[in-house]
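First comes the structure, then the notes that go with it.
Only this structure's heavy atoms are used, side chains among them; waters, hydrogens and symmetry mates stay out. Throughout, a chain's letter reflects where its sequence line sits, starting with A, and its residues are numbered from 1.
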There are 2 protein chains.
Amino acid sequence: MNKPARKARSGARGSITIKDVARYAGVSPMTVSRVVNGNQYVSAATRQTVLQAVRRLGYSPNIAARNLASARGERMGLLYGNPSASYLSEFLVGALDAATRHGVQLVLEKCELTPAASRRAVRRLVSGGAVGAVLPPPLCESAVIRAELQAARMRIVAVAAGRPPPELLCVRIDDFAAAQEMTRYLLALGHERLGFIKGHPNQTASEERWRGFSSVVQEAGHLPAPRVEQGFFTFRSGLDAARKLLAAEPLPTAIFASNDDMAAAVMAEAHRRGLEVPHDLTVVGFDDSLIASTIWPGLTTIHQPIAQMAGEAVDLLVSAVRGGNGHGAAESPHRLVAYELVARESAARPKGAVD
Amino acid sequence: MNKPARKARSGARGSITIKDVARYAGVSPMTVSRVVNGNQYVSAATRQTVLQAVRRLGYSPNIAARNLASARGERMGLLYGNPSASYLSEFLVGALDAATRHGVQLVLEKCELTPAASRRAVRRLVSGGAVGAVLPPPLCESAVIRAELQAARMRIVAVAAGRPPPELLCVRIDDFAAAQEMTRYLLALGHERLGFIKGHPNQTASEERWRGFSSVVQEAGHLPAPRVEQGFFTFRSGLDAARKLLAAEPLPTAIFASNDDMAAAVMAEAHRRGLEVPHDLTVVGFDDSLIASTIWPGLTTIHQPIAQMAGEAVDLLVSAVRGGNGHGAAESPHRLVAYELVARESAARPKGAVD
DNA sequence: CCCCGCTGTGGTATCGCTACCATCCTCCGG
DNA sequence: CCGGAGGATGGTAGCGATACCACAGCGGGG
């Protein structure tokens, strides 16, 4: 035992270990571990003592050791395609946070939507040792990618698919209900001549939003038929759609675009034509992506808690991988989170409103 | 030794360990470790054998174990304030990638720019066990945060500070040169009546860009004095600046905004006033953030390789933490990366150009 | 010719934590 | 009063990898 130098190193890199805490609290390392991990078999008194020691010493568990010992530390893939960058940013924040909480490593992989590219991406993920994958939109809609991943025996969780297959793990908002709420909001403001810009046809969320919108319009009954244009979630496609919507008399008094980028395009086109938003035209979007609050006037839109959704997706994935090793957990695989209508400056009563 | 069930588990989670490879290759685990880590003391023949075994078995090292054994697996903080989300997104991708490469964990922490908030954020980082921190803009400019972090004995690396203190680890582009290049580009197109929108005064990059611009203007000599407005890097501030720039006759033929959000605002305001971009007005930005390619016409701007810069920042941080434990590495702490002028549709020759 | 120093390789002891098992104790019904 | 159930705790053995040391060969200078 003539290696005191080695032993002394325990404190050298400044890290407090579970043993230090145990010694300080006068209990065994096991008990500390139990407290830290929320095991129930610890008396309240002991727990307090340990927690105090933890705080006092500034102990924070060594993740590597924890993972190693508990055979955890799996790697989870995050396949990102081409969502708006602001979406990705929030998404990453949420996902990374959850990953840190669970002690899993997040491996990012960019992936185009072609079959070849997805195959390659999935292969990289597999060889990178990932055991599961999170699929933000629009990748979550790709049957190819899902098939590839499942072939590699990976658990997957889709985020924000509008209408996911029932067996797929999925975190989403109720696009249908959200679109309904927004449409009702427009009606409540007094708008009657509505315009709508659909989202990309290969994403089920687009259809849900469209269904939500038109269901309310039909419900209302008395309205003139809304003018509808096809968009593709891009600013450019929104511009094209806006041109058409704003070319034909009588002009709509409100335009509901299926996402914020397109709504921003509508605003740009309106301004170009000398229409003031919201005085001459109300514009609303969907997603509450960064552009919604960047531009002026701020865009009234549907807020999705993207970071939270990403976090829950990782949660779901982790428990799927750890818990139901073969078959899924007993609970429903779909998790619905709350959206919120954010009213900013881009929506107001129509010009000639009298009621 | 009557616990064969336990032993058998080694293969249960499907993971190939270094021992499996060693057995397969007929060498000791140590040798495999050496090969995997590129240690020089392995004969070429052995190396080949081992590499083949690795490939054949699909071995990939267990990061947790590696980190534990090598006392690595440090946590690195990434303090993000309020950069544009598109910036953050790319930044995260790059940083996360590098972190994965180095086997360090990235801990995100949001941080407002007030002293109290930064103190709290730093404390959370410290208690989270981070040993270093990456500071993207605009946090990299905050002396308060830097002081807090240094007080906590953390290594820090700033990203994209315009003119960082010489002793600070920093990854950046040459804002001055980039702004010069953009200005020369405008002059080359034939513009003479220029407008400039400065960036936020508390970021040194703003000043560098401004210096770059005005140095070229002075150099050229014969130009009318450019009109200059103060902006704050936000869309809104760009709008205000644009209003002023576009209110006074004679109108500038080109406006150089210190970032893309403000440039987008200039475009919006120009359109509102019936000016076509680039026909009636050339608008250029800086950063090549997402909005630059989202809007139409696309914005001519300076591209910063954000992901790469974030990656290099993490590299730098890791080597600082691992290498020079006390004092910095011998090499210069500043790393300059290449920017690129991206010409899109928002810049063209001025209307009446004849030469 | 011997010893030194270097290259290549294997053994052993951890790294910090948790799984699993063995205890010890308390409290209860019979 | 005893046996058993189950709460609360400690001991031990790894998880998979690397650090460090030991040692076997081999060539060159004194």
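Rounded to the nearest 0.5 Å, atoms CZ (B:Arg146) and OG (B:Ser118) are 12.0 Å apart. In this structure, CG on A:Leu169 lies 8.0 Å from CD1 on A:Ile156, to the nearest 0.5 angstrom. Note: A:Met309 CE to A:Glu90 CD = 10.5 Å, rounded to the nearest 0.5 Å.
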Quick one: side chains of residues 50-57 of chain A, donor-acceptor pairs under 3.5 Å with protein atoms, not counting sequence neighbours, listed by atom name and distance.
from, atom 1, to, atom 2, distance (Å)
A:Gln52, OE1, A:Arg56, NH2, 3.3
A:Arg56, NE, A:Tyr24, OH, 3.2

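The distance between atom CG of B:Asn62 and atom P of D:dG14, rounded to the nearest whole Å, is 18 Å. Atom CD1 in B:Ile63 sits roughly 12 Å away from atom P in D:dT18 (whole-Å rounding). One can place CG of B:Leu68 at 17 Å from P of C:dA13, the figure rounded to the nearest angstrom. As a whole-Å value, the separation of B:Asn67 CG from D:dG16 P is 15 Å. Taking atom CD of A:Gln48 as the reference point, atom P of D:dA8 lies 14 Å away to the nearest angstrom. Following rounding to the nearest Å, B:Arg23 (CZ) and C:dT9 (P) show an atom-to-atom distance of 19 Å.
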Could you pull out the protein-nucleic contacts involving nucleotides 9-12 of chain D (nitrogen or oxygen on both sides, under 3.5 Å)?
from, atom 1, to, atom 2, distance (Å)
D:dT9, OP1, A:Ser43, OG, 3.4
D:dT9, OP1, A:Thr46, OG1, 2.6
D:dT9, OP2, A:Ser43, N, 2.9
D:dG10, OP2, A:Ser28, N, 2.9
D:dG10, OP2, A:Ser28, OG, 2.9
D:dG10, OP2, A:Thr31, OG1, 2.6
D:dG10, N7, A:Arg34, NH2, 2.9

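Proximity of residues 49-58 of chain A to DNA chain D (heavy atom under 4.0 angstrom from any strand atom) is not detected for any residue.
The side-chain hydrogen bond (donor to acceptor under 3.5 Å, both in side chains) check on B:Thr49 picks up nothing, with sequence neighbours excluded. Residues satisfying the side-chain contact (heavy atoms from CB on, under 4.5 Å) test with A:Ala44, not counting sequence neighbours, are none.
Using a 4.0 Å cut-off, some side-chain N or O of B:Arg66 falls inside it from OP1 or OP2 of D:dT18.
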>> I'd like to compare against my own output: the B/S/- annotation of nucleotides 22-27 of chain D with a strict under-4.0 Å heavy-atom distance to protein.
In response: ------

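A salt bridge (charged side-chain N to carboxylate O under 4.0 Å, His left out) with B:Glu109 is found for exactly one of B:Arg120, B:Arg124, B:Arg123, namely B:Arg124.
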> A:Leu336 and A:Arg172: side chain to side chain contact (heavy atoms under 4.5 Å, CB included), yes or no, with the steps?
Replying inline: CA-CA 5 Å; A:Leu336 226 53; A:Arg172 62 191 187 89; 3.6 Å; yes

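A:Ser33 places no side-chain N or O within donor-acceptor distance of the main-chain N or O of A:Pro29, the cut-off being under 3.5 Å.
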